[in-house]
Amino acid sequence: MKPHSVFRLTLTFIFLLCIFIVISGCDQKGPRVVKVALVAPLTGDIAAHGQGMKRASQLAIEEAIQSNRFKDFKLELAAFDDRGDPKEAVTIANQIISDPSILGIVGHLNSGCSIPASQVYARRNVLMITPASTNPKLTQQGLRNVFRLCTTDDVQGKFAADYAIDKLKIDKAALVHDKTAYGQGLAEEFKKEFQARNGQLLSFDGIDVGEKDFKALLTRIKGENPQLVYFGGMHPECGLLSKQAKELGLSVPVFAGDGILTPEYAKIGGPATEGDFASMTGLPPEKLPAAGKFLESYHRRFPKDDMQPYDPYTYEAINIVLDAIEKTGGDRNKMIDYVAKVTYSGILGESSFDERGDTRNKLITIYTVRNGKFVYVD
Amino acid sequence: MFFQQLVNGITLGSIYALFALGYTMVYGILLMINFAHSEIFMVGAYLGFWALSLLPVWVQGWTPGYFTIVFAIAMMGAGLLAVTIERAAYRPLRRASRLAPLISAIGVSIFLQNLIQVTVSAQSQPYPDTFKISHYEFFGVQVNSLQIFIFALAISAMVLLQVFITKTRLGKAMRATAQNHTVSQLMGINVSFIITVTFLIGGALGGLAGVLNGMYYGSIKFNMGFFPGLKAFTAAVVGGIGNIKGAMVGGFLLGIIEALTVGYISSAYKDVILFAVLILVLIFRPTGIFGEEVTEKT
Amino acid sequence: MTLPRRWPLIATGLLVVLILPLVLNQLGNLYAVRVIGLVGIYCILGVGLNITIGYTGLLDLGYIAFYAIGAYTAAILSIAGISFWLGLPIVMIVGGAIRLGLGAPVLRLRGDYLAIVTLGFGEIVRLVLINLDAITNGPKGLPRVGEKIAEVKFLSFTLTENIHFYYLILAFLLIAIFISHRLEHSRLGRALIAIREDELAAKLSGINIARTKAVAFVISGIIGAVAGDIYVHWNQFVSPESFTFWESVLLVSMLVIGGMGNVWGILLGVVLLVAVPEVLRSTLGTAFVDYRMIAFGLLMVVIIIFRPQGLLPSRRRELELKTAGEES
């Protein structure tokens, strides 16, 4: 092709592209389409978690449509992939606030994405509920549209440290984290409380997400003779960590946060995970009929997929947004006021939010692996 | 602890070495960095996973044959994938600039990773636990039979490859092509065929490394190839890229350095140190340990 | 200076580039303005990278590291209270110095090895950013709780909206293009071409290879750092996750697909690889979110096979690459 014609072609192409972008941001005509957005990493390294959140969202929306509570609207889920990249997250946030049919967003997963994105949502008063971002900074920004359903690192980490000292009688622990805002944050909070209560911290190490070989690290940790290994991070790494630890003869329990609370954990780690611990917000599903029903529906709707740690939180968050839409008729501003004052009864128990947007439900339950499944303790 | 770390490192290194062979062979013959090789590793692991999960039980009872079949499936599949990629994505670019095949390889890599993520799963898949692992202990060092098996398999594969390259006609033809395409063609060697064979063997070894990786760690994921791929490539370079012995030595060396770094220095900075080693080697001894002066391919 | 031949086209183009975003902004489409702003930043990066890859012929697979260095340096300075304009020269010096430090041992390496070293360096920078908590706050990013990135003020006007930053980016892009253009048509530029064509002959003509390459390399790094500086002030947040190896790969792909050695090629490459995924995102909608990256990978392979010199290569490059193809 001659350079000049390529030039013309591309110019036309760019022109068409601009048209597309203009259209994408504009209003649709027709019956009122109402959307709830889910923003999470749907591709990339932690796609598994994001995909789980998407499934939970789909379930919630489908149930809402079937319940006929939203007869006047055409209810839809708008799923966006932020790839865990703050840059993407802000771009998506811009797209969302430019779309008046999106009344609220559930997301993001990574705090690194939630924090900058929340500022964008604040500009147009779009309700944002995060089911998974645990960095305390998110709710310290003073944005009234931001709410958080999961507990922050300080609550979980502190609780775990106290539990380890009081119930498990541990006074020597080794700490490992996955160098993410969540994992490192959690580990640091555990460390603070553990040391404050005179626990002896033997080591504090970081590993990479996606890493599979922890033998070298565990060999070194074994030499320190810990009674417990606390891990800040997610189930793929923790499962392997637990398995390899036992293979090396380091037969101590592994204790982690809600990032490992999924049936996947025992599958990846195998029998080595027996006796490992995990913490999570809210009451155990056994004590909440709504939670049991959710688990059933999820497995029926997605028989081939495993539930990921943040799916329950996501399901709850979507339902709170839907509740807000129902009770306010879909007014963005009123929805924020509504959520600020609501006490929602759902699969996590009773959830309500304090002045900063954090959930008041600071109840933590400890689970342990027995016969390949997580069961709650006390 | 030192010897335990050594054991850790050698096992890690065995896998890196097998993985690195694919990079070094392709580079030796085409002066091209096959970025998609990490995905061939990953696909090999998945093929092994399916073979292990789907083969009927009566085959499973026949232990030595069973694993041979599983490896054969994974290796053939991976090798064929490599050959297909070469045909579809690299061959059309053989006459283009040096950057073009690299870009193509990156595109293939993105395509394969995401294809597996979407069609199979984004989650980690646990590997079937079919290898009966026995644990041994020598003077406080824990070794298990899987580690010994991997090491033995890796060494055998490499010895076989070395013999193939030096003693067979096909091997000689490969070495000749690696030196100079034009002259080889003049000597009657079908260069395109040799290139296909190179990708087949390199891909098969990469696939084997993938299965072993899956068996050893017990879990595979669509993005499992990326970082190990970078490290395996580093190993190939450190050993002397284009040189098969170099890839083997580089692989083991890298595995041991990694294990010792984690054990004695820092887990968080281990990759920084690995890359720093890479850079230092390239600056002070760019041809690597066994490096040869690779002549221009015309 | 005579008017370039296609000046009506360029004038229209300039008008579109100046007015269209404003129109979109008034329509309330903040998303489109944001995307166009991102295109602008990537264009600045593309122009900078082009100096290394297009002019000097060195494959840099870790260019994103300098974007990161610029962004983090700017963030640290800004948090300490230094304004954008005062911080800018500091960011440029830091970026340039580190680039020089990297270049000194590395520029004499052979092409592919240089690629790997730059890749390694890019990863090292990212890993250091994640691990050096005391300075960078690790994975939690900057600014920390209670800190703030300073606002950018131009005369007495504070930049807050996407559209404001768009014009800032545009201004810097034009400056970058100007620098790139002057470089290309200077003695230094011709020396670079000579080196790229035949290093031995260039040396024999008296060109100081090391110094020539180093100058281009450093200028390239400085441009990348400046892009990072602008980005951090726009986004008001920076964390290591934005600076992965894939970003470096993306940048290289933009140049190779769009066409090297050529501003139009860069622009096209950026539009194709940044704007197109956005369009795919908004037109294909929720169900196809997962397929976006698959389509992207496929697109890269297809384009590079059917047009390996890039879609809009500079005329010189086209001649180079076409004849190189025909020779062998």
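Everything numeric here is computed off the predicted structure, so don't read it as measured data. Residue numbers begin at 1 in each chain, while the letters A, B, ... track the order of the sequences.
A distance of 7.0 Å separates OG1 of C:Thr244 from CG of A:Asp85, quoted to the nearest 0.5 Å. Between atom CD1 of residue C:Ile130 and atom CD of residue A:Gln184 there is a gap of 9.5 Å, rounded to the nearest 0.5 Å.
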Query raised in the report: Run the salt bridge (charged side-chain N to carboxylate O under 4.0 Å, His left out) check on A:Lys87 and C:Glu247 step by step: do they pass?
Result: CA-CA 11 Å; A:Lys87 220 170 42 233; C:Glu247 289 285 317; 3.1 Å; yes
Query raised in the report: Would A:Glu188 and C:Asp133 count as a side-chain contact (heavy atoms from CB on, under 4.5 Å) if you check the C-alpha gap in whole Å, the side-chain angles of each, and the deciding distance to 0.1 Å?
Result: CA-CA 12 Å; A:Glu188 280 170 356; C:Asp133 273 29; 3.8 Å; yes
Query raised in the report: What do the steps show when you test A:Gln95 against C:Leu30 for side-chain contact (heavy atoms from CB on, under 4.5 Å), and what is the final call?
Result: CA-CA 7 Å; A:Gln95 186 176 2; C:Leu30 294 186; over 6 Å; no
**Report entry** Step-by-step side-chain contact (heavy atoms from CB on, under 4.5 Å) determination, C:Glu241 to A:Glu88
**Finding:** CA-CA 11 Å; C:Glu241 296 130 329; A:Glu88 270 309 274; over 6 Å; no
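Residue C:Asn137: no heavy atom, backbone or side chain, is found under 4.5 Å from chain A. Contacts of A:Ile96 with chain C are absent, with no heavy-atom separation under 4.5 Å from either backbone or side chain.
C:Ser239 contributes no side-chain N or O that, together with a main-chain N or O of A:Gly112, makes up a donor-acceptor pair within less than 3.5 Å.
Looking only at side-chain heavy atoms (C-beta outward), C:Arg34 and A:Val120 stay at 4.5 Å or farther from each other. Counting only heavy atoms from C-beta outward, the side chains of A:Asp208 and C:Leu127 approach each other to under 4.5 Å. Side-chain contact between A:Lys137 and C:Pro143: present, with at least one pair of heavy atoms (C-beta onward) separated by less than 4.5 Å.
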